[in-house]
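Here's the structure, in structure tokens; my notes come after.
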Amino acid sequence: MFARTQDAGPSQPQEVKPVSAVTTTPKSKEERKPTLTAARAQPVDPIDFDVDALLFRPAAVDISRWPGGRLPYSVLVGVYVQVAGTRSRLAIVRVLTNFIHLLLARAPLDIPPALYLLSNHLRPAYIPCELGIGSMIINRVIKEVSGLQARDLKRLWSVHGDPGDVAYEAKVQMRTLVEPVPLVVHDVYKRVLKLADIRGSQSGKLKSDAVRKLMVQARGEEVRFLVRTLIGNLRIGAVRLTLLTALARAAALLEIPDSELDVLPIPAKGKKPMDPAREAAEEKCVAAVRLVRRVHVRHPNYGDLVRGLEAGLDGLEERVPLSVGIPISPMLGSITRSIDEVYARLGSLPFTAETKLDGQRLQMHVRRDGPQGEDDGGGRWVEGENGRAWVRLFSRHLEDMTDKYPDICARGLDLLSSVKGERKPFPSWASAPSVEVAALLEAESISSLIVDAEIVAIDKDSGAHRTFQELTNRARKDVRVEDIKVVVEVNAFDLMLVNDVPLLSSPFSLRRHLMRELLPPRPTPADPLLARWTHIEAIDSTDLKSPADLRAFFDKVVERKAEGLMVKLLESGRAPAAAEAEAEAEAEVEAEAEVIDVDVDDDEKDDGGKSRKKPLPATYEPDQRSMGWLKVKKDYLEGLGDSLDLVPVGAWWGNGRKAGWWSPILLAARNPESGALEAVCKCMSGFTDAFYKDLLARYPPDSDPTVCSTQPLGYVETGGLVPERWFLPREVWEIRGADITLSPVYPAAASYIGGERGLSLRFPRFIRIREDKGVEDATSAEEFAEMFRRQMAPAGGVAAAENGAEGGEEEADEVGDDVL
DNA sequence: TGTGGCTGCCC
DNA sequence: ATTCTGC
DNA sequence: GCAGAATGGGCAGCCACA
């Protein structure tokens, strides 16, 4: 069987058997297994990679038929098929590991293109690359290539809900007259990349032509995955981390001589035999995974990673280092639903609560001498009285935003010319800095830095914070400072590197102190269009008497229109055991934050009497949604977000996993004056699978046109949106959102707020059915408009006045000192 | 020249 | 962004 | 708890087309 799983039976050292063409039409769980079909169309057969990784021998694979020794696309596609055909993480990793192992050993040239194609990305995130191809172009090409009518395509679409599946189905039915030249991976990669370069008038046609040629050359399953690659949604159940895991394991296995890999096959059932060789190999793999992940989040570039691996795993981190100019995967916060939960998680460990502003995440790199290591052409030099500096800006998803914020780049230079003055010593309660880190506090000058921050739109004159929506009005490309319409403020909150010294492994207490001392808030620049530089407002747990004080701080920042808080651990420690959490939250300061080095001691066997559980690092953990950062947003908290009672009035067919179900669903509010139901938003989040099944039964697509129809059922205003099916308005659902937005498409409540635009919801999600409500009890347009007005009311209290009155130094000082 | 649709990216 | 699901 | 999938509102940028 092609897709057998390893645990299913004993395996012998292989002879890797080629398999013939495979097909998948993933539907139900049972049907997901790939099946064999007669080989014929495939010039080079896919390879069965689902074998014990320790028994896989790259040397045994026959690659004699690979054209010019290059990896055939059919082999890569065979991997997609095998991976997509199972849900078992272990099986997925196994397949990918063996595949990469083979490439490392036999086809190193093809590793970068194969990895990029597997990863669903064509380049590192920070290198600009937009294909400009979406479902529209794909549809057009499918139509041309298959000769199918729009109607048939639409039907295929609603059945499969995936452009790749549609293309596959459409093309299988074709008979090609001339056998096309088989695709090879490096060529496919190159041609797909080239699509990004096609621009200007006629580009649509040229792109279509290029895509059509690829599609004509693709056979069978190749079509499905080629299209998914073009759309940028591979859907094989393995994208980022799994691939990295496999790469690491493959690199580890490559370093183990075959003679040490004479391991016992895993038996079908029962206990695994004691097998020292197997355990040793597994240990090496696990260590490799840790290392490769660590390196990748500090230097997210597959090309560099693979080059670094050419010399082996040893010393990889030095060869592929964290560098100024290469973004670090940002650290993330985990969702926290109450103030109590904060204390339950952190207990008496020292933390700080930062205002979570509603803007855009920024990772700012500045270096006097230009980028560290190879220059990939990104970033820019800024010049001024203080000489020059090289600056590069990245977004939360590591896209390069240097060109969007020349006003921030200009401030990069100022940051390097920090005034040498008195610097406060590290706080006494913080853990001791290393000699190197301690020295930074005495630095005469700053030559490089990496800072984490939030960009917020501000009022040019008053400096008051503006909404996220206003920030999005900013131009994005080739912005010149003179043209800036949306002035911004940079709110720094972390320092990951300074003077070429990485600080990720220092606790936040130290990183923050260095940030505050070396990069203090600056006065408003002479040019009012330039970005302001300040620190995010925060309050430390040591200044709080009780959870109530934290709650008060939360209420205050929400009053000032912030999203909520980011609570961050200042010193590493151990999470309180669940049982103790409450007691601890109450008894509090009984313990002066015990500091434990998590790196040295991360086993917790001995939680004997004093029960602390998991290690809780206060280090900067790239790419982790760590417990060290807790995100407390107002819309997570019961009763604080905007909650509407809306009527489902229509729906579209779901895609992929949700094919065959209604998703998303169109929701409307009631306008008692006109009698219309006015569309508010689509919703697809918050529904369980069981709910979807139920919903399909309540609104069956083609059996009862009085409840589910191709025609509107009732008076519904949708602003031009046309769902696949209209529902009879009869249910009321509670829908929660983070904010109310002024919408260019939705008509809801437009008549109550001036007519032109209606209202919608940011981050809409389903909470529950309001069984107790009928359509006539749904939220009315007037109520909706009133909620919007309340939201738009000026930020309350003293804060607003402060913010409005002063623009510069004083405010900055105050914020910098944490005074509230 | 202006407008509308598509795409990619912020949240 | 949010949320659910399978491992 | 991790990893992945499906998809929200809304913006600027870009192209097609009138």
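A, B, ... follow the sequence lines: proteins, then strands. Residue 1 opens every chain.
Contact annotation: A:Asn655 does not reach the phosphate of D:dA5 (side-chain N/O to OP1 or OP2, under 4.0 Å). Residue A:Ser663 has a polar side-chain atom (N or O) positioned under 4.0 Å from OP1 or OP2 of D:dT7. At D:dG4, one or more side-chain N or O atoms of A:Arg89 fall inside 4.0 Å of OP1 or OP2 (strictly under the cut-off). Under 4.0 angstrom from either OP1 or OP2 of D:dA5 there lies no side-chain N or O belonging to A:Asn233. Using a 4.0 Å cut-off, some side-chain N or O of A:Arg765 falls inside it from OP1 or OP2 of C:dT3. At least one side-chain nitrogen or oxygen of A:Arg293 sits closer than 4.0 Å to the OP1 or OP2 atom of D:dA3. Phosphate contact (OP1/OP2 of C:dT2, side-chain N/O of A:Lys633, threshold under 4.0 Å): present. Remark: A:Arg396 is not in phosphate contact with B:dC11, judged by side-chain N or O atoms under 4.0 Å from OP1 or OP2.
Across all strands, A:Lys631 comes closer than 4.0 Å only to sugar-phosphate atoms, never to a base (heavy-atom distances). Residue contacts shown for A:Leu666 are absent, as no nucleic acid heavy atom lies under 4.0 Å away. Heavy atoms of A:Gly737 sit nowhere under 4.0 angstrom from any nucleic acid atom. Using a 4.0 Å heavy-atom cutoff across all strands shown, A:Asp689 reaches sugar-phosphate atoms only and no base atom. Within the nucleic acid shown, A:Ala238 comes within 4.0 Å of sugar-phosphate atoms alone, with no base atom in reach, counting heavy atoms only.
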Summary of protein contacts for nucleotides 8-18 of chain D, nucleotide by nucleotide, where a base hit scores B, a sugar-phosphate-only hit scores S (4.0 Å, heavy atoms): BSSBBSSSS--

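Side-chain atoms of A:Ile137 lie closest to B:dT7 of the nucleotides B:dG8, B:dT7, B:dC10.
With rounding to whole Å, A:Ile767 atom CD1 is found 7 Å from C:dT3 atom P. For the pair A:Glu563 CD and C:dA1 C1', the computed distance is 9 Å after rounding to whole Å. Spacing between atom CZ of A:Arg625 and atom P of D:dA3 amounts to 12 Å, rounded to whole angstrom units. Regarding A:Arg657, its CZ atom lies at a distance of 12 Å from the P atom of C:dC7, rounded to whole Å. Protein atom CG of A:Leu332 is 14 Å distant from nucleotide atom P of B:dC10, rounded to whole Å. In this structure, A:Phe691 atom CZ and C:dT5 atom P are separated by 12 Å, rounded to whole Å. Following rounding to the nearest Å, A:Asp623 (CG) and D:dC2 (C1') show an atom-to-atom distance of 12 Å. What separates CZ of A:Arg87 from C1' of D:dA3 is a distance of 14 Å, to the nearest Å.
At distances below 3.5 Å, at least one donor-acceptor pair connects side-chain atoms of A:Trp662 with backbone N or O atoms of A:Tyr699. Between the side chain of A:Arg725 and the main chain of A:Pro701, a donor-acceptor pair closer than 3.5 Å is present.
When the C1' atom is used for both C:dC4 and B:dG5, the distance is 32 Å, rounded to whole Å. Taking the C1' atom of each, B:dG8 and C:dA1 are spaced 15 Å apart, rounded to whole Å. Separating the C1' atom of B:dC10 from that of D:dT7 is a span of 15 Å, rounded to the nearest Å.
At most 12 heavy atoms of other shown residues, nucleotides or ligands fall within 6.0 angstrom of atom NZ in A:Lys143. Within 6.0 Å of atom CD in A:Glu756, 12 or fewer heavy atoms from other residues, nucleotides or ligands are found, so the atom counts as exposed in its surroundings.
Here A:Ile536 contributes atom CD1 and A:Glu489 contributes atom CD; the two are 8.5 Å apart, rounded to the nearest 0.5 Å.
Smallest separation of non-hydrogen atoms from A:Ser760 and A:Ser743: CB-CB, 3.9 Å.
Aromatic ring orientation, A:Trp733 versus A:Phe766: perpendicular (interplanar angle above 60°, classes split at 30° and 60°).
Applying side chain to side chain contact (heavy atoms under 4.5 Å, CB included) to A:Tyr405 and the options A:Thr402, A:Asp403, A:Asp407 leaves one that passes, A:Asp407.
Note that A:Arg762 lies in the cation-pi zone of A:Phe468, set by a 6.0 Å cut-off to the ring centre and a 45° limit from the axis.
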